[in-house]
Amino acid sequence: MKKYTFYDNVFDVVRLIPEGRVTTYGSIAKYLGMMKSARMVGWALNSTINKNLELPVHRVINRNGILTGKNHFSSPFKMKKLLEKEGVVIQNDQVINFNEVYWDPTQELL
DNA sequence: TGGGTGACCATAG
DNA sequence: ACTATGGCCACCC
């Protein structure tokens, strides 16, 4: 029996991100009560790459709306492509309509 | 077992 | 306005 770790909590939140919306590492960390450990959120997602978890990790970006994690995908273009497919407008690895598609777990969830 | 590490963020200078 | 830095803590050798 595996212990339910911080990583698992991160995965749960990511799973809840609606299609066509994005959120940030910091927001997830904040929602989990560890706003100063935003770094770990990214690292948690990184660990999913090797595994076959089907998580919309492409919907998680940094607070500036930049796709900082794109280099960690199988292809750097995959993240952008997936987001655009969901209606997110991206230019120069940055989400243009960030304010519109931003999904804050601390507000949307309760 | 312990130390290094990391897809970040907020603050201080 | 921009750069530097400290914090945080689960995971992996």
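Considering only side-chain atoms of A/Y25, the nucleotide from C/dC9, C/dA10, B/dC8 that sits closest is B/dC8. Distance from the side chain of A/N62 is smallest for B/dC9 among the nucleotides C/dC9, B/dA7, B/dC9. Distances from the side chain of A/W43 to the nucleotides B/dA7, B/dG6, C/dC8 place B/dG6 closest.
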Please step through salt bridge (Lys or Arg N to Asp or Glu O under 4.0 Å) for the pair A/R15 and A/E54, ending with a clear verdict.
-> CA-CA 9 Å; A/R15 239 188 296 269; A/E54 291 188 6; over 6 Å; no

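The side-chain hydrogen bond (donor to acceptor under 3.5 Å, both in side chains) test with A/H58 is passed by exactly one of A/E86, A/K78, A/K70: A/E86. Applying the side chain to side chain contact (heavy atoms under 4.5 Å, CB included) test between A/R59 and each of A/V14, A/I17, A/L82 identifies A/I17 as the sole match.
Here the C1' atom of nucleotide B/dC9 and the CD1 atom of A/I61 are 15 Å apart, to the nearest Å. To the nearest angstrom, C1' of B/dC9 lies 13 Å from CD1 of A/I66. Atom pair A/I49:CD1 and C/dC11:C1' shows a separation of 15 Å (rounding to whole Å applied). Taking atom CD of A/Q94 as the reference point, atom P of B/dA7 lies 19 Å away to the nearest angstrom. Taking atom CZ of residue A/F11 and atom C1' of nucleotide B/dA7, one finds them 13 Å apart after rounding to whole Å. Counting to the nearest Å, the P atom of B/dA7 and the CE atom of A/M79 are 13 Å from each other. Here the P atom of nucleotide C/dG6 and the CE atom of A/M40 are 21 Å apart, to the nearest Å. When the C1' atom of B/dA7 is taken as reference, atom CD1 of A/I28 falls 11 Å away, rounded to whole Å.
Both A/R39 and A/S47 sit near DNA chain C, but only A/R39 has its closest nucleotide nearer the 5' end.
Counting atom types as modelled, A/Y7 pairs no side-chain N or O with a base atom of C/dA10 as donor and acceptor under 3.5 Å. Between the side chain of A/R63 and the base of B/dC9, no donor-acceptor pair under 3.5 Å is found.
Note on A/T24: every side-chain N or O is 4.0 Å or more away from OP1 and OP2 of B/dC8.
Base engagement by A/N46 is indicated by at least one non-hydrogen atom pair under 4.0 Å involving a base atom.
With hydrogens and angles left out, the side-chain atoms of A/Y102 and A/S27 include a donor and acceptor closer than 3.5 Å.
A/Y7 is listed as a side-chain neighbour of A/M40, based on a closest heavy-atom distance under 4.5 Å.
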